[in-house]
Amino acid sequence: MSCVDDIEDLASTVGDTPTKRVPRKRVIPKKFSTQIKHESPVAESVIPGTQSVFVRTWGCSHNNSDSEYMAGLLATYGYKITDDAMSADLWLLNSCTVKTPSEDGLRNSITSAHSLGKKVVIAGCVSQGAPETKFIEGLSVVGVQQIDRVVEVVEETFKGHSVRLFGQKKEGVKKLGGASLHLPKIRKNPLIEIIAINTGCLNQCTYCKTKHARGELGSYPIADIVERGAQSFAEGVREVWMTSEDTGAYGRDIGVTLPDLLYEFVEIIPEGCMLRLGMTNPPYILDYLEDMAKILSHPRVYSFLHVPVQAASDTVLEDMKREYTCAEFSRVVDFLREKVPGITIATDIICGFPTETEEDFEETLQLIEKYKFPSLFINQFFPRPGTPAARMKKIPADKVKLRTKKASEIFQKQFPYTHKLGEVQEILVTEIATDNKHYVGHNKFYDQVLVPKIEGYMGRTLTVKITDTGKHYLRGQVIEEGEIQNIPSSYSNPNQVAFSLNPYTMVQNIKSRSSVWSFLTVLVVGVMFQMLYILYRNLRWR
């Protein structure tokens with residue numbers, strides 16, 4: 001599965017070889033209107049489920065999760081998921097509409113697929129938000145809330161039909177979060193589970209086209225998310241990412257809040273595993289800063305939060321319809337930095353929004369100087385067709401580039417990790433560095449820590465001493481190796497790894513122990529420990 005990294009993935013240095021997972025349940029989806037266009041059907045001898053599919057993803061971690069689900073469903077029905085685009089029979093392209101370059105990448109991939117005689121299916125926000133887009137005309141499309149029907153679309157495409165499945169998952173008139181969270185999945189990284197807790201958002205940002213695709217807020221029930229997390233940890237996952245277009249808005253459509261979800265979720269995170277929260281906009285986290293500080297201080301939750309500011313000028317923020325002021329953003333940062341010492345706050349800025357003056361931009365530069373964000377995503381304004389901002393008079397491109405350069409120069413001169421040299425830290429190793437010579441772990445604050453690529457480190461909690469720091473990383477010398485629990489036996493070839501809570505497998509594991517008595521002893525001690533731990537945890541969280 002090929003993937004283009006998103007702005008949430010601060011250190012996306014992982015390899016992207018997929019891992020197959022034993023499917024849990026077959027989901028029978030609701031019926032939605034289907035558009036089928038018959039175009040020169042191929043021979044009727046085509047046997048579904050015998051072909052190979054190449055999956056490519058652009059955009060956010062929500063899109064990555066959707067791709068993992070679609071790959072899992074296709075694999076369940078017999079299709080071979082391959083990283084080799086040239087040998088694949090069909091390309092499944094999961095698109096992103098946030099920026100023009102992402103859309104250009106989709107267009108170029110479609111052109112390449114056609115030149116190679118490949119079948120093509122489009123998914124994601126481009127096709128959902130603008131289904132009449134010229135360059136996807138005549139192609140099969142699976143909507144963002146219809147990913148559980150990707151097998152139908154692929155099968156019809158191999159028959160020579162052009163199929164388009166749109167529509168929303170609803171319960172009566174109420175929008176749901178989307179396809180079931182219990183679908184089979186092929187994870188890009190076998191140690192990381194991405195859980196989309198909601199889809200859509202409550203904002204109407206004038207520059208954003210994602211709202212056209214993902215729509216209004218639709219949240220999954222807390223029980224579904226907790227169940228998904230518990231099952232993922234049982235399968236060997238070490239890290240869960242909660243994601244959505246705006247995690248802070250979670251639950252407002254179903255009468256719950258993000259802290260309600262998180263207080264329940266932290267109860268099922270095993271020792272040695274971690275939770276990473278995704279992006280939240282300032283307006284929604286302001287309502288429960290105390291709760292968020294408490295949760296982000298939990299030992300199994302990364303003290304990390306991505307809170308986009310976009311601009312420091314209140315005038316520009318109003319024109320963007322961001323629904324907060326710079327002072328409110330600062331309140332979030334100041335409060336969390338005080339209550340959660342060492343927390344990493346990541347943010348985004350947009351350079352060259354149409355109404356941004358030089359004075360407005362200077363305020364943004366001052367904000368960068370003030371907070372020295374360890375992670376800052378600097379983006380040029382791209383007018384997205386169909387958005388209000390696209391109709392505004394644009395700032396000349398040379399001025400936009402100059403502003404981007406100024407912001408980048410200030411950011412690149414800041415070295416946020418120098419003071420951590422010599423520290424002893426615990427890290428969880430889950431990724432492979434791009435140089436293929438190091439593993440990547442993250443400490444409590446989600447800083448990227450490089451360690452030697454030594455067999456057995458992957459998936460472990462390690463104690464390291466920081467021996468070097470750079471602009472975007474720390475380097476650690478391992479001084480203690482943590483215990484390994486329920487980790488896939490082969491990270492380098494995860495396609496061979498299957499996770500299961502099958503009763504037969506559990507019985508075989510019991511029989512393989514040296515004696516029944518030793519097993520019973522371990523069981524009793526484990527139960528007693530768990531009871532004491534639950535008592536301690538309850539007392540602590542009161």
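Position 1 is the first residue of the sequence, and the numbers go up from there. Values in this document were obtained by computation on a predicted structure and should not be read as measured data.
At distances below 3.5 Å, not a single donor-acceptor pair connects side-chain atoms of Tyr302 with backbone N or O atoms of Asp447. Under a 3.5 Å cut-off, the side chain of Asp360 and the backbone N or O of Thr357 do form a donor-acceptor pair. Not a single donor-acceptor pair under 3.5 Å links the side chain of Thr243 to the backbone N or O of Ala196. A donor-acceptor contact shorter than 3.5 Å is absent between the side chain of Ser65 and the backbone of Ser61. Of the possible donor and acceptor atoms, none in the side chain of Arg384 sits under 3.5 Å from a partner among the backbone N and O of Lys209. The backbone N or O of Glu152 sits nowhere less than 3.5 Å from a side-chain atom of Glu156 that would complete a donor-acceptor pair. Here the side chain of Ser140 pairs no donor or acceptor atom with the backbone of Val153 at under 3.5 angstrom. Judged purely by atom type and a 3.5 angstrom limit, Thr157 has no side-chain atom pairing as donor or acceptor with the backbone of Val163. Thr344 places a side-chain N or O within 3.5 Å of a backbone atom of Phe445 that can act as its donor or acceptor partner. Judged purely by atom type and a 3.5 angstrom limit, Glu227 has no side-chain atom pairing as donor or acceptor with the backbone of His182.
Between Ile345 atom CD1 and Lys372 atom NZ the span is 16.0 Å, to the nearest 0.5 Å. In this structure, CZ on Phe54 lies 11.0 Å from CD1 on Ile81, to the nearest 0.5 angstrom. Atom-to-atom distance recorded for Thr199:OG1 and Gln145:CD is 5.5 Å, nearest 0.5 angstrom. To the nearest 0.5 Å, atoms CG (Leu428) and CE (Met274) are separated by 7.5 Å. With values rounded to the nearest 0.5 angstrom, Leu365 atom CG is found 10.0 Å from Glu409 atom CD. Note that the CD1 atom of Ile225 and the CG atom of Leu261 stand 4.5 Å from one another [nearest 0.5 Å].
Residues Met70 and Val142 are in side-chain contact: their nearest non-hydrogen atoms beyond the backbone lie under 4.5 Å apart. Ile110 has its side chain within reach of Ile122: a pair of non-hydrogen atoms, C-beta onward, lies under 4.5 Å apart. Using a 4.5 Å heavy-atom cutoff, the side chains of Thr133 and Arg107 are not in contact. Side chains of Phe353 and Thr206 form a contact here, defined as non-hydrogen atoms less than 4.5 Å apart. Tyr284 places a side-chain heavy atom less than 4.5 Å from the side chain of Leu202. Residues Glu216 and Asp253 are not in side-chain contact: their nearest non-hydrogen atoms beyond the backbone lie 4.5 Å or more apart. Between Val151 and Thr76, every side-chain heavy-atom pair lies at or beyond the 4.5 Å cut-off. At a threshold of 4.5 Å between non-hydrogen side-chain atoms, the residues Arg322 and Asn281 count as touching.
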**Asked** Could you walk me through whether Asn94 and Ile147 pass the side chain to side chain contact (heavy atoms under 4.5 Å, CB included) check?
**Response** CA-CA 11 Å; Asn94 194 358; Ile147 61 171; over 6 Å; no
**Item:** Residue pair Arg331, Glu328: steps toward the salt bridge (Lys or Arg N to Asp or Glu O under 4.0 Å) verdict
**Value:** CA-CA 5 Å; Arg331 181 184 164 206; Glu328 288 172 325; over 6 Å; no
**Prompt:** Stepwise, does the side chain to side chain contact (heavy atoms under 4.5 Å, CB included) test hold for Ile197 with Leu258?
**Reply:** CA-CA 9 Å; Ile197 62 175; Leu258 180 62; 4.0 Å; yes
**Request:** Determine, stepwise, if the pair Met279 / Cys60 fulfils side chain to side chain contact (heavy atoms under 4.5 Å, CB included).
**Result:** CA-CA 10 Å; Met279 185 272 288; Cys60 64; over 6 Å; no
**Request:** Report the C-alpha distance between Gln414 and Phe373 in whole Å, list the side-chain angles of each, state the deciding distance to 0.1 Å, and finish with yes or no for side chain to side chain contact (heavy atoms under 4.5 Å, CB included).
**Result:** CA-CA 9 Å; Gln414 298 170 347; Phe373 301 102; 5.9 Å; no
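One side chain, Ser303 or Lys444, offers a donor N or O that lies under 3.5 Å from an acceptor on the other. Looking at Asn64 and Thr57, their side chains never bring a donor and an acceptor atom within 3.5 Å of each other. His62 and Glu245 share a donor-acceptor pair across their side chains, judged by distance under 3.5 Å alone. Side-chain N/O atoms of Asn198 and Ser244 include a donor and acceptor closer than 3.5 Å. In this model, a donor atom of one side chain and an acceptor atom of the other lie less than 3.5 Å apart for Asp348 and His306. Judged by distance alone, the side chains of Asp260 and Thr257 do bring a donor and an acceptor atom under 3.5 Å apart.
Here the shortest heavy-atom pairing between Thr347 and Val307 reads OG1-O, 2.7 Å. Shortest non-hydrogen contact noted between Cys326 and Asp314 is N-OD1, 2.8 Å. Nearest approach of Thr280 to Pro308, heavy atoms of both residues: O-CD, 3.4 Å. When every heavy atom of Glu323 is checked against every heavy atom of Asn203, the shortest pair comes out as OE1-OD1, 3.7 Å. Shown here for Tyr288 and Gly248, the closest heavy-atom pair between the two residues is OH-O, 2.5 Å. Nearest heavy atoms, Pro221 versus Tyr250: C-OH, 3.7 Å.
Phe329 and Tyr371 have perpendicular rings, their planes meeting at more than 60° on a 0 to 90° scale where under 30° would count as parallel. Ring planes of Tyr446 and His442: parallel class, angle under 30° (limits at 30 and 60°).
Salt-bridge formation is detected for the pair Lys134/Glu137: a Lys NZ or Arg NE/NH1/NH2 atom is positioned less than 4.0 Å from an Asp or Glu carboxylate oxygen. Using a 4.0 Å cut-off between a side-chain N of Lys or Arg and a carboxylate O of Asp or Glu, Arg252 and Asp246 do not qualify as a salt bridge. Between Glu358 and Lys399 no salt bridge is recorded (no basic side-chain N to carboxylate O distance below 4.0 Å). Look at Lys185 and Glu68 and you find a salt bridge, because one of the NZ, NE, NH1 or NH2 atoms lies within 4.0 Å of a carboxylate O, short of that distance.
Within 6.0 Å of CD on Glu318 lie no more than 12 heavy atoms contributed by other residues, nucleotides or ligands. Heavy atoms from other residues, nucleotides or ligands lying under 6.0 Å from NZ of Lys401 number 12 at most. Heavy-atom contacts from other residues, nucleotides or ligands closer than 6.0 Å to NZ of Lys471 number more than 12.
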